[in-house]
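As the structure is a prediction and not an experimental result, all values here were calculated from the model. Order of the sequence lines fixes the chain letters, A, B, ..., with proteins taken first and strands second; residue numbering starts at 1 for each chain.
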Amino acid sequence: MNKSKDFLRRKVEEDLKAGKYQEIITRFPPEPNGFPHIGHAKSISINFGIARDYQGRCNLRMDDTNPTTEDTQYVEALKDAVQWLGFEWDKDVHYTSDYFFKLYAYAKELISMGKAYVDSLPEEQMREYRGTVTQAGKRSKYAQRSVEENLELLEQMKNGKFQEGEHVLRAKIDMASPNMKMRDPLLYRIKHSHHFRAGDEWSIYPMYDFAHCLSDYLEGVTHSICTLEFENNREIYDWVLDTLKLEPPRPYQYEFARLNINYTVMSKRKLLELVEKKLVNGWDDPRLPTIAGLRRRGYTPESILNFCEQIGVAKANSVVDVAQLEFSIRSDLNPKVPRVMCVLDPLKVTIGNYDGKEELEASYYPHDVPKEGSRRLPFSKEIYIERDDFMENPTKGYFRLTPTQPVRLKHAYIICCKEIIKDEHGNIVEIKAEYYPDSKSGEDTSGIKVKSAIQWVEANEAKEIEVRLYDRLYINESPQNIDDLNPNSLKIVKNALIEPAVITQKPDVRFQFEREGYFFADPVDYTDKKPVFNKIVALKEASSQKKKTPQNRQKQEPKKVQIDGEVTPMTKEEEAKFEKYINELKLNPEVANTLARDKQLSSFYEEALESLFTPVGIANIVTNDIARELKQKDISALKYTPKQVAKLIEMVDNEIISTKIAKQVFEEMSKSGEEPRQIVDSKGLIQISDPSVLLPIIEEIIVKNPDNVEKYRAGNNKLFGFFVGQVLKATKGKGNPKVVNSLIEDRLNIIN
RNA sequence: UGGGGUAUCGCCAAGCGGUAAGGCACUAGUUUUUGGUACUGGUAUUCGGGGGUUCGAAUCCCUCUACCCCAUCCA
């Protein structure tokens, strides 16, 4: 299927290959304080999916560290969601509250190490002390407390000796850290609430940042996957595990972008508001993106899993088009469910020349769905068709019944309109029609060609049903608040008519109502007396059908002109260097600029120049490759000297190696610190410039790729790079690219 | 404003110095007793902008821009 791996799976594979872990263990760790939605499904799909793909395990862990918001009903909903999606968690459900004692022991250990303290600053003051994003904070005076005092205080906190807010336990890290999360984060706070599992045993509860990493560690989790907003928390995650010097292997945290879908909301807060203000009918309202809602709407687990796979996993904040979700349910249902006929807005048709009644055999599945099954359709002179399927004054391109255009009744006869009956307001109330006796479905000898076949039901045998038609919940693509709600998101049709077999035979719970869409027997409100169906999704509409052409998107808006911001001016010293570089050393201003502005770079550069005076060549490697290294590590950590770099450039200048190989040698050198010449010799990297060696290789590649040669000669110049690339690949990068280029050019321009 | 992230088609998303994958959406055609499905085509001379390095850059360097996250005793 998708042969490209996402960044998480790539990381897992890398770790497995490196032998970092014996087995992959992931976890899905929701806080049981709300109902799961399709965003949870994405996380479930990732965590359980990775475990499955790499023969690992995935835990389901309730992150229940805040007793005031959590409840067992959510635990059940969460478990249910995972199971419904078809996953099995490893062993029993885990709870962070299971680890309260262990976590407490770790906390005492941190205190003993002098890495944590009980702070007693009032909440407001603590906030002030934290500083701001631009200003460093300052540490509380309570950070001075002795280990013994801290231990004593924590014990008392645990035993409920204090009021909420009186004390907290904090990690002693760095009140001046540029990462706000690292300014002595809270580890424990006092809460006298009743915990739904731990009861009243604890008066202190661990904070996320303390509990999560350790819970992962205790469970042997290898890859702790969470959403982007925890990026800043990763540093604490690492700090806690590293500071406690836990026995390896330890877990590492990775973040992905949470799911957003247009025309709906995903945040707990907004979902809750909809339910509480009764703007929807509970958490399982089929318009909601909750698992319960989707499920009641009729979405299948497969369709949701497919959706999650389709949209992929990445780190860019994005909004997925609902059309993608709709596609996933349609394509899941299309080959599975029976087709039946239902009329939502009935228009009576009386077939004047038909007498009596009969039953027609009709397959549940169309010719392209390889499934068996059929039912009998009662037929008589009185039937109903969809009001939309008749037009007195048809628009151009209308395929269905008109005063002059016949239409086929699906599985039955072709009819034509003879008379239109209207009421006193001019509304059409009935069509008088006639049928063609020799046009019966399957044995049609009439020779009449119709443009369309429409659904219908027999008047006396049809069953009345309620149909709930759902549309997108919001009118806006990115809804802000309840003003953006779609007033027509739910339309209830009380008296729709459906063929009897659906009710009496009950061949399935999901159906395609022919030409309408996919529908699901509502699992809550459906009774034999009053059947209720939910519309899952409409059929895809052909373009000519579309009411509102989503106005052909204004093609290419004039490209926005980006205005460059101001560049911070150089200092005098930098300016002097810059002048020297361009004037004396003849460097390109751009290169000179980067060099002059970076002290480490320029000093490295100048030192290298002392061993070999090739100002331009050395400048290039310093500003490009060495600059890259310096982003990762300090200059003192470099394994090579300026002199070695000079040696490398010397080889390029003397055409012993190509610039391409130089990159390779550089990489090797930065890993091992070996002398460049030695690397070149031991690996045999000297470049090949001899045409007599190169030519046969080129010839072979040209013979192997006749179609590309063709395309190139037809004017596809991009392909030139392809040939160069192939030759270089064949020579393991050693071909002299300049020579290769000119040889290929010559060769390709010879017409055979 | 300090720090951490992200930017590739209308929407997702591969790509990791050598021919810009794929899906959705859109579009044209074929098949069709669903204006459905299926099938066959068409859709990025270009990767947020500008420079630089290189024989060759979406990929490396510099710089600018836009958006997201962080100052809960929430997770």
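For A:Ala107 against A:Leu169, the heavy-atom pair with the smallest separation is CB-CD2, 3.9 Å. For the pair A:Pro589 and A:Phe578, the tightest heavy-atom approach, listed with the atom from each and the gap, is O-CE1, 3.3 Å. Closest of all the heavy-atom pairs between A:Arg408 and A:Asp444 is NH2-OD2, 2.7 Å.
Atom CG of A:Leu595 and atom C1' of B:G52 are 12 Å apart (whole Å). Residue A:Asn736 contributes atom CG, which lies 10 Å from atom P of B:C55 at whole-angstrom precision. Rounded to whole Å, atom C1' of B:U45 lies 13 Å from atom CG of A:Leu719. Going from atom CZ of A:Arg127 over to atom C1' of B:C70 covers 15 Å, rounded to whole Å. We find that CG of A:Asp184 is positioned 16 Å from C1' of B:U72, with the value rounded to whole Å. Computed from coordinates, the A:Asn717 CG to B:A20 C1' distance equals 17 Å when rounded to whole Å. Rounded to an integer number of Å, the gap from A:Asn260 CG to B:C67 P is 17 Å.
Picking from B:C55, B:A75, B:G50 the nucleotide with the shortest atom distance to the side chain of A:Val724 gives B:C55. Set against B:U37, B:U34, B:C61, the side chain of A:Ala627 has B:C61 as its closest nucleotide. When distances are taken from the side chain of A:Leu728 to each of B:A14, B:C55, B:G36, the shortest belongs to B:C55. Comparing atom distances between the A:Lys663 side chain and each of B:C74, B:G17, B:U32 picks out B:G17 as nearest. The side chain of A:Arg130 lies closest to B:C73, out of B:C73, B:A75, B:U37. Nearest to the side chain of A:Asn741, among B:C70, B:U33, B:C55, sits B:C55. The listed nucleotides are B:U63, B:U6, B:G4; the one nearest the side chain of A:Val567 is B:U63. In the set B:U34, B:C12, B:U19, the nucleotide with an atom closest to the side chain of A:Val319 is B:C12. Nearest to the side chain of A:Lys660, among B:G23, B:A71, B:G56, sits B:G56. For A:Asn588, whose side chain is taken as the heavy atoms from C-beta onward, the closest listed nucleotide among B:C24, B:U53, B:C74 is B:U53.
Side-chain N/O atoms of A:Ser452 include one lying less than 4.0 angstrom from OP1 or OP2 on B:G35. Phosphate proximity of B:C55 to A:Lys738: present, with a side-chain N or O under 4.0 Å from OP1 or OP2. Residue A:Arg234 places none of its side-chain N or O atoms closer than 4.0 Å to OP1 or OP2 of B:G4. Note on A:Lys718: a side-chain N or O is less than 4.0 Å away from OP1 or OP2 of B:A20. Look at A:Lys191 and you'll find a side-chain N or O under 4.0 angstrom from OP1 or OP2 of B:C74. Not one side-chain nitrogen or oxygen of A:Thr594 sits closer than 4.0 Å to the OP1 or OP2 atom of B:U63. The shortest distance between the side-chain N/O atoms of A:Arg189 and the OP1/OP2 oxygens of B:A75 is below 4.0 Å. An OP1 or OP2 oxygen of B:U19 is reached within less than 4.0 angstrom by no side-chain nitrogen or oxygen of A:Lys711.
A:Glu31 comes within contact range of the sugar-phosphate backbone alone, with a heavy-atom separation under 4.0 Å but no base atom that close.
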### Message
Set out, in order, the CA-CA distance, both residues' side-chain angles and the distance that settles ring-ring contact (aromatic ring centres under 6.0 Å, His included) for A:Tyr208 and A:Phe230, then state yes or no.
### Response
CA-CA 11 Å; A:Tyr208 166 87; A:Phe230 292 99; 5.0 Å; yes
### Task
Check the pair A:Asp625 / A:Lys663 against salt bridge (charged side-chain N to carboxylate O under 4.0 Å, His left out), numbers first and verdict last.
CA-CA 8 Å; A:Asp625 302 75; A:Lys663 298 247 180 206; 3.6 Å; yes
#### Entry: Derivation and outcome, salt bridge (charged side-chain N to carboxylate O under 4.0 Å, His left out), residues A:Asp184 and A:Arg170
CA-CA 6 Å; A:Asp184 288 12; A:Arg170 302 179 76 173; 5.1 Å; no
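Taking atom P in both B:G2 and B:C73, one finds a spacing of 25 Å when rounded to whole Å. Annotation: B:G10 and B:C62 have their P atoms spaced 30 Å apart (nearest Å). If you take atom P in B:G35 and the same atom in B:G42, they sit 28 Å apart, rounded to whole Å. If you take atom C1' in B:G15 and the same atom in B:C55, they sit 22 Å apart, rounded to whole Å. B:U53 and B:U59 have their P atoms separated by 15 Å, given to the nearest Å. Between B:U46 and B:A21, the distance separating the two P atoms is 15 Å to the nearest Å. Going from the C1' atom of B:A13 to that of B:A25 covers 14 Å, rounded to whole Å. Atom C1' of B:U8 sits at a distance of 4 Å from the matching atom of B:C47, rounded to the whole Å.
Searching all strands for a Watson-Crick or G-U wobble partner of B:C39 with both distances below 3.5 Å returns B:G29. A 3.5 Å limit on both hydrogen-bonding distances identifies B:U6 as the Watson-Crick or G-U partner of B:A66.
Of the charged side-chain nitrogens involved, at least one lies within less than 4.0 Å of a carboxylate oxygen, so that A:Glu231 and A:Lys315 count as a salt-bridged pair. A salt bridge links A:Arg258 to A:Glu229: one of the charged nitrogens lies within less than 4.0 Å of a carboxylate oxygen. Electrostatic pairing of A:Glu255 and A:Arg234 counts as a salt bridge here, judged by a charged N lying under 4.0 Å from a carboxylate O.
Scanning atom types as modelled, one donor and one acceptor separated by under 3.5 angstrom connect the side chain of A:Asn232 and the base of B:G3. Side-chain atoms of A:Asp368 and base atoms of B:G36 include a donor and an acceptor less than 3.5 Å apart. Side-chain to base pairing of A:Gln512 with B:G36: no donor and acceptor N or O lie closer than 3.5 Å to each other. One cannot find a donor-acceptor pair under 3.5 Å joining the base of B:U53 and the side-chain atoms of A:Thr623. A donor-acceptor contact under 3.5 Å is formed by the side chain of A:Asn624 with the base of B:G52. You won't find any donor-acceptor pair under 3.5 Å spanning the side chain of A:Lys440 and the base of B:U33, going by distance alone. Interface remark: the A:Arg515 side chain does not form any donor-acceptor pair with the B:U34 base, using a distance-only criterion of under 3.5 Å. In this model, a side-chain donor or acceptor of A:Gln562 finds a partner on the base of B:G48 within 3.5 Å. Below the 3.5 angstrom threshold, one finds no donor paired with an acceptor across the side chain of A:Glu590 and the base of B:U63.
Mapping A:Val320 and A:Pro29 onto RNA chain B by nearest heavy atom places A:Val320 at the nucleotide closer to the 5' end. Mapped onto RNA chain B by nearest heavy atom, A:Ser318 and A:Glu566 fall at different nucleotides, with A:Ser318 at the one closer to the 5' end.
In this pair, A:Phe399 lays its aromatic ring flat on the base of B:G35, centres within 5.5 Å and planes under 30 degrees apart.
Using bins of under 30°, 30° to 60° and over 60° for the plane-to-plane angle, the ring pair A:Phe513/A:Phe519 lands in the parallel bin.
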